[in-house]
Structure formats: C-alpha cells, structure tokens
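Notes follow the structure.
These figures come from a predicted structure and were not determined experimentally. Ligands are counted one by one from 1 in listed order, and the atoms in each one are counted from 1 as well. Starting from 1, each residue takes its place in the sequence as its number.
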Amino acid sequence: MKLVVTGASGFLGREVCLAALRRGHQVLALGGSRAPIVPDVKQARPFDLCDEAALEALILEEFPHAVVHCAALPTIETCLAEPDRARKLNTEVPKKLAQLCFHLGAKLVHLSTDTVFDGVAGNYQPTDKPAPLNLYGETKAAAEVEVLRFGREHAAVLRTSPIIGNSVTGDRGLHERLFASWKEGRPATLFTDEIRQPVEVSNLADVTIELCERTNLNGLFHWAGTEAMSRHEIGVRIARHFGLDADTLVKATSRAEVPSAASRPRDLSLRLHPLSGKLRTQAQSFEEQLAQLRVPRGSEDWYERTTRRKVVRRLEKGVDF
Ligand SMILES: NC(=O)c1ccc[n+]([C@@H]2O[C@H](COP(=O)([O-])OP(=O)(O)OC[C@H]3O[C@@H](n4cnc5c(N)ncnc54)[C@H](OP(=O)(O)O)[C@@H]3O)[C@@H](O)[C@H]2O)c1
C-alpha cells in the first residue's frame, strides 16, 4: 500500500512511518519545516500543508491508498500563542485532506485528541459529545466534524491520550520531559487530581497503520493504554521504573492550587470499545509501556550519577538489595 504520512518529522508521525515500513508499505513522509529523518524511508521532504493548492497537487500526483494525518499544532499553549495558525493547521488542513481522500477513494486516518472533552465526566466513549475547554480542543473537535462529513465511509478519526515513548530528539516523550527537569535539579510538580490514560507511541502508530489496512473500519474511535491515572501517579511510576527516588523527584499539587488549571480538562479517561475488540494490536498496560522507555539521550550521565549515589547511600545504611 502507498501511504502519505504527515507530521513525519514529529513524535508520532515518525513512528507511523516506521510502523508502515515494518508492515511492508511504501511511505511518503512529509515534515513541516524540517525534512523527516526516518531510516529506510525513500521519499521524505518538508512540506507546508497550509498551502492548499500545493497540497491538492501533491495528493493528486501521489495518488496514495491512504493518508495518516499526524501534523498539528498539538498543545494548549502553542494554539493560544498562534490562534490563526492553529485553526488553519488543526481544522482547515484535515478538512482539505478529507475532501481530497474522498475524491480519490483513499483512506484517511486523522489523529485527534482526548482534549475535545471537558473532563467533567471522564471515561468517555466515542459517542459522547465533545465540549472543549480551550482552543486546542476546539480546533481538533471542529476537524473531527469536517473529516467525518466527507469521510464517514472511508475515514477513521482516532482520538488519543498523552503519548509516551522514546523520541528521536530525546525531548518529546513524557518521561523525557521529566528527565530534562530532574537533570536541572527541578522536581516535577504534578496534579493528583488530573486524570489521563497514556499510550505508548509505537503501539499507537501500529493502530494507525492497521486502520489504513482495514478499509471497513471507519468513523470515530478511541485509542490509549488500558490504565487511567493521575499525572502525579504517572510521574511516580516513571521515576520508580528507572529506580529513581520518586519522593524527591515528583511533588504533588492539586488543580485548586493552580488557577490556569481551569482551562485544562480534569478527567480525560477514554473507553477503547469498540476499537479494542476489532484490532490485532492490543492496548497496553502502563507496565508494558514503561518497559519500552529508555534513559533519554543527554540524560545518561545525570542518571548514572544519581543511581550510583542511591546505591552508595543504601550500602552505607546497610540495606539489603
Ligand atoms: N503528543 C501527544 O501527547 C498527543 C496527545 C493526543 C493527541 N495527539 C495528536 O497526535 C498528533 C501528533 O502529535 P505529535 O505529538 O506527534 O506532534 P509533534 O511532535 O508536535 O509534530 C507535529 C508535526 O506537525 C508538523 N507541522 C507543523 N506545521 C506544519 C505545516 N504547516 N505543514 C506541515 N506540517 C506541519 C511538524 O513539522 P515540523 O516540526 O517539521 O515543522 C511536525 O512534524 C496530533 O494530531 C496531535 O493533536 C498528540
């Protein structure tokens, strides 16, 4: 199958390219300002998706069987900083892609987010009504409507949760951002009452490719890991997984203590049904996700020093291992 992957210079898009290659597909990898660097991908280039005429020419020229659309302005903060760009990239571009895919009869897999919900109820199913609290959620919710308007028969909208995993730059995964802060001597302060359901990047990438292959699986779906937990628990479990001292490195706070938390949804846990019953790829427990994490590039020295100190302290105290 010939696939176009957008956002291929980003965290998820790169893994999508790798998953497509593993499954024997041909990939055109599109970055935004940067050319994607993905081993064994023969066609990779930067490309401004906001240039509608160029996008149309590219898709008609390439005539792909499927498009996996990962490019976005994917955070609350970046959307607030650049609202016009957020609306264009997060809503108008997916709409245009859905029209083009409809025209060609190509499958579109569009990445969306748990942030389309307000986080009041939690445990959301795909049929629950979006009620975004911020511009990021608004632009992504609007895109879902547009994509499904053109693509109910041949598009899959995949809402997902915070993505963890190893990134090529060493700074995109959740554990990588925690390490960056720890390395600078700053403990991470995380909410005990904000619930998320992390997903590992390569597992999510496999799902996007399986959706391309399964032409009969269309509509709105949820995918994440199997466990919802507080951001604080996520941080503690990551620290412990690496044998680090969670009590020192992860501090607790609550949403009531941080005024800006009001624009962030409280509980974004997702129900994975019906997609979880239809795919070969299985949703992972948090332990399975943790097992794939590596010490981030650039943090190795800090990590070695810190864990060595911990061993010495335990030896001094005479603690048995
Ligand atoms: N990361 C998460 O935790 C998370 C959670 C839920 C949902 N999602 C969704 O998952 C998808 C992927 O997120 P991600 O974390 O992989 O994002 P990311 O790492 O920030 O990557 C964003 C990608 O978009 C590209 N891009 C930006 N402007 C562009 C433009 N004008 N034309 C073409 N490409 C452009 C960037 O290219 P350059 O960098 O080369 O400019 C980059 O490749 C998004 O749809 C996001 O909403 C992410």
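Protein heavy atom closest to atom 32 (N) of ligand 1, with residue, atom name and distance, is Leu49 N, 3.0 Å. Nearest to atom 3 (O) of ligand 1 among the protein's heavy atoms is Ile163 N, 2.9 Å. Nearest protein neighbour of atom 5 (C) of ligand 1, counting heavy atoms only, is Ser161 O, 3.2 Å. Closest protein heavy atom to atom 16 (O) of ligand 1: Leu12 N, 2.8 Å. Among protein heavy atoms, atom 25 (C) of ligand 1 sits closest to Ala71 CB, 3.9 Å. In terms of protein heavy-atom proximity, atom 12 (C) of ligand 1 is nearest to Cys70 O, 3.2 Å. Protein heavy atom closest to atom 33 (C) of ligand 1, with residue, atom name and distance, is Phe47 O, 3.0 Å. With hydrogens left out, the protein atom closest to atom 42 (C) of ligand 1 is Ser9 OG, 3.7 Å, a heavy atom.
Note on Glu176 versus Arg172: no salt bridge recorded, every NZ/NE/NH1/NH2 to OD/OE distance being 4.0 Å or above. Ion pairing between a basic and an acidic side chain is recognised when a charged N comes within 4.0 Å of a carboxylate O; Arg266 and Glu194 show no such pairing. One finds no salt bridge joining Lys96 and Glu92 here, because no Lys/Arg side-chain nitrogen approaches an Asp/Glu carboxylate oxygen to under 4.0 Å.
A donor-acceptor contact closer than 3.5 angstrom is absent between the side chains of Glu304 and Thr306. Using modelled atom types, one finds a donor on one side chain and an acceptor on the other under 3.5 Å when comparing Thr281 with Glu210. Remark: the Ser254 side chain and the Glu257 side chain contain an N/O donor-acceptor pair separated by less than 3.5 Å. Asn90 and Thr139 are linked by a side-chain donor-acceptor pair at a separation below 3.5 angstrom, with hydrogens and angles left out of the test.
In terms of hydrophobic clustering, with Ile, Leu, Val, Met, Phe, Trp and Tyr side chains grouped at heavy-atom distances under 4.5 Å, Val68 and Leu18 are assigned to a common cluster. Clustering ILVMFWY residues whenever any of their side-chain heavy atoms sit less than 4.5 angstrom apart, transitively, puts Phe242 in the very cluster that holds Val250.
Under a 4.0 Å criterion applied to the non-hydrogen atoms of Gly10, ligand 1 contributes the atoms 19 (O), 21 (O), 42 (C), 43 (O). Each of the atoms 10 (O), 11 (C), 45 (O) of ligand 1 lies under 4.0 Å from some heavy atom of Leu111. Under a 4.0 Å criterion applied to the non-hydrogen atoms of Asp48, ligand 1 contributes the atoms 30 (C), 31 (N), 32 (N). Atoms of ligand 1 lying under 4.0 Å from at least one heavy atom of Tyr136, given by number and element, are 7 (C), 8 (N), 46 (C), 47 (O). Close approach of ligand 1 to Thr160 is summarised as follows: ligand atoms under 4.0 Å from at least one heavy atom of the residue are 6 (C), 7 (C). Listed by number with element, the atoms of ligand 1 under 4.0 angstrom from any heavy atom of Arg172 are 14 (P), 15 (O), 17 (O), 18 (P), 19 (O), 20 (O). For ligand 1, the atoms lying closer than 4.0 Å to a non-hydrogen atom of Leu89 are 27 (C), 28 (N), 29 (C), 30 (C), 31 (N).
Taking distance alone, with nitrogen or oxygen atoms compared against 3.5 Å, His69 stays at or beyond that limit from ligand 1. In terms of polar-atom proximity, defined here as any N/O pair under 3.5 Å, Pro74 makes no such contact with ligand 1. Considering both main-chain and side-chain atoms, Pro162 never comes within under 3.5 Å of ligand 1 through any nitrogen or oxygen pair.
Test Glu144, His222, Arg159 against Ser112 for side-chain hydrogen bond (donor to acceptor under 3.5 Å, both in side chains) and you get one pass: Glu144.
Look at Ser167 and you'll find every heavy atom at least 4.0 Å from all atoms of ligand 1. Not a single heavy atom of Thr6 lies less than 4.0 angstrom from ligand 1. The shortest heavy-atom distance from Arg85 to ligand 1 is under 4.0 Å. In this structure, Lys140 has a heavy atom closer than 4.0 Å to ligand 1. Under the 4.0 angstrom criterion for non-hydrogen atoms, Ser112 is in contact with ligand 1.
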Problem set entry | From CA spacing to verdict: side chain to side chain donor-acceptor pair (under 3.5 Å), His25, Glu213 | CA-CA 10 Å; His25 302 299; Glu213 295 163 351; 2.7 Å; yes

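For Trp302 and Phe179, the ring centers are positioned less than 6.0 Å apart. For Phe191 and His232, the distance between ring centers is not under 6.0 angstrom.
Within a 6.0 Å sphere centred on CG of Asn216, heavy atoms belonging to other residues, nucleotides or ligands number more than 12.
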